[in-house]
Amino acid sequence: MSTTMRVLVLGGGGFVGGRIASRLRNAGRFSVTVASRRVKREVASDAVLVLDGLDTAALRRALQSHDAVINCITGSAATIVRSARSLVEAQLGSPCHRLIHMSSMAAFGNMEGDLDDETPLGEGGGWYAEAKREAERVMSAAAGPETGVALLRPGCVHGAGSHLWVGRIGDWLRQRRLGDLGSAGDGWSNLVHVDDVAQAVHHALELLRPGQSLRANLAAPDSPRWNDYFVALGCRLGKASPVARIHPRQLQLDAQLAAAPLRAWERIAPRLGVPARFVPPALPPSLLTLFAMDRRMRAGFAGEQLDLKWTPFNDGLADSAQWYLAQRAKL
């Protein structure tokens, strides 16, 4: 790429979007604008833009000065779908001819087995999965002679900053609510380090051309089963070692009976000024299904065409544990 590419990162104030913006800016061949409804000033970008992804007119104005857009917007089902529709509508007639959409492994729904880049999307999986499938359909329809579209489907994104797959997992491990789950934790984790997600976006931007339509699963080839991840992370966290063996009945009671009151406490506690260390995260029942699913994402396109250099699992584990311990030391 000989000239500077102007890239708009929607949802660039979040965990994944922020890491993507930082990667592109450090590459030195991109001019990066981070857009979000609430942008933190410390994000790595050349410009920041307060923008509602549901505002088609505002999106259309923003796209007039960009060559590519990366959609990292998440939230409710309505937000995920409506923001995709707004982006596609705003892109029509603009000079922005490269669209990269961050989808998710969840779009496969309840499918199990080996899933490659071209495996048709499944069904089920809850509201999030259905929203991700619909957003993919909307974005796919935008591909045309003048517009290239890349759909990237990360698995569970870990690494420093991952509240979902490091922060809350670490809390559950230290509380002896997760550990060796036996057969309930034999599913594949499909972990991918956040730096590898950013690397995939970077390489996809350089590869994607108008008229192309690309799909890529993002899951590290050495990603372990959930039990192995829990044990390895628990050992790294010190106080979670030795890792507890969790009885199936304990797991079911935690997810089915305790989840609702804990979610209510999570909402109320901040208003009462209760420190975060006294607010144990709820264990959603949907995660029990995920932990047992025999579903393995195969990332052939990412490894062969995007030329990803995957972060070794142990390196990502060390990065995750260091961040977790540093964050919890502040509480």
Side-chain angles (χ1 to χ4, degrees), residues 16 102-126 128-129 132-133 136 151-159 162-170 172-173 177-197 199-200 215-236 243 245-246 248 251-252 255 283-304 306 308-321:
V16 173
M102 301 308 298
S103 185
S104 167
M105 171 181 72
F108 286 113
N110 294 326
M111 295 181 67
E112 297 193 73
D114 282 8
L115 310 179
D116 63 27
D117 303 297
E118 298 302 324
T119 299
L121 300 182
E123 297 179 349
Y128 183 72
K132 283 296 187 180
R133 284 193 290 271
E136 278 206 26
L151 302 175
L152 304 185
R153 299 179 185 131
C156 299
V157 185
H158 71 131
S162 173
H163 290 282
L164 287 179
W165 304 112
V166 178
R168 63 177 180 171
I169 295 292
W172 289 328
L173 287 166
R177 294 165 64 196
L178 278 188
D180 183 344
L181 307 185
S183 61
D186 277 345
W188 291 102
S189 65
N190 294 296
L191 289 170
V192 56
H193 194 272
V194 62
D195 287 342
D196 296 347
V197 175
Q199 182 189 170
R215 291 176 176 80
N217 292 340
L218 301 178
D222 63 350
S223 176
R225 295 183 184 273
W226 283 111
N227 277 332
D228 296 326
Y229 177 55
F230 297 152
V231 171
L233 181 60
C235 290
R236 291 269 185 171
V243 175
R245 293 182 180 274
I246 308 299
L251 198 62
Q252 292 291 335
L283 180 60
S286 59
L287 282 187
L288 302 192
T289 300
L290 180 66
F291 294 157
M293 288 187 73
D294 186 24
R295 172 171 63 192
R296 193 166 194 182
M297 297 254 286
R298 298 297 185 181
F301 188 88
E304 297 165 10
L306 296 183
L308 256 64
K309 309 302 180 190
W310 300 99
T311 299
F313 172 68
N314 284 331
D315 291 353
L317 189 69
D319 175 49
S320 295

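- Taken from CG in Leu218 to CH2 in Trp310, the straight-line distance is 5.5 Å, to the nearest 0.5 Å.
- Between Met111 atom CE and Asp294 atom CG the span is 12.5 Å, to the nearest 0.5 Å.
- At least one side-chain heavy atom of Leu283 sits under 4.5 Å from a side-chain heavy atom of Leu288.
- Side-chain contact check for Leu121 versus Arg153: some heavy-atom pair is nearer than 4.5 Å.
- Atom CG in Leu287 sits 4.5 Å away from atom CZ in Arg168 (nearest 0.5 Å).
- For the residue pair Leu317 and His158, the shortest heavy atom distance occurs at N-CE1, 4.3 Å.
- The distance from the CD atom of Glu136 to the CZ atom of Arg215 is 7.0 Å, given to the nearest 0.5 Å.
- In this structure Asp195 satisfies the salt bridge (Lys or Arg N to Asp or Glu O under 4.0 Å) test together with Arg19, sequence neighbours excluded.
- The CG atom of Leu178 sits 5.5 Å away from the CD1 atom of Ile169 when rounded to the nearest 0.5 Å.
- Around atom CD of Glu123, no more than 12 heavy atoms belonging to other residues, nucleotides or ligands sit under 6.0 Å away.
- By the salt bridge (Lys or Arg N to Asp or Glu O under 4.0 Å) test, Asp180 pairs with Arg245, sequence neighbours left out.
- Of all heavy-atom pairs between Gly182 and Asp186, the closest is O-OD1, 3.5 Å.
- For the residue pair Asn217 / Asp116, no side-chain donor-acceptor distance below 3.5 Å is found, with atom types taken as modelled.
- The minimum heavy-atom distance between Gly179 and Ile246, with the atom names listed, is N-CG1, 3.6 Å.
- Checked against salt bridge (Lys or Arg N to Asp or Glu O under 4.0 Å), Arg295 has no partners two or more places apart in sequence or in another chain.
- Residue Trp188 holds its CH2 atom at 14.0 Å from SG of Cys156, rounded to the nearest 0.5 Å.
- Side chains of Phe313 and Ser189 form no contact here, defined as non-hydrogen atoms less than 4.5 Å apart.
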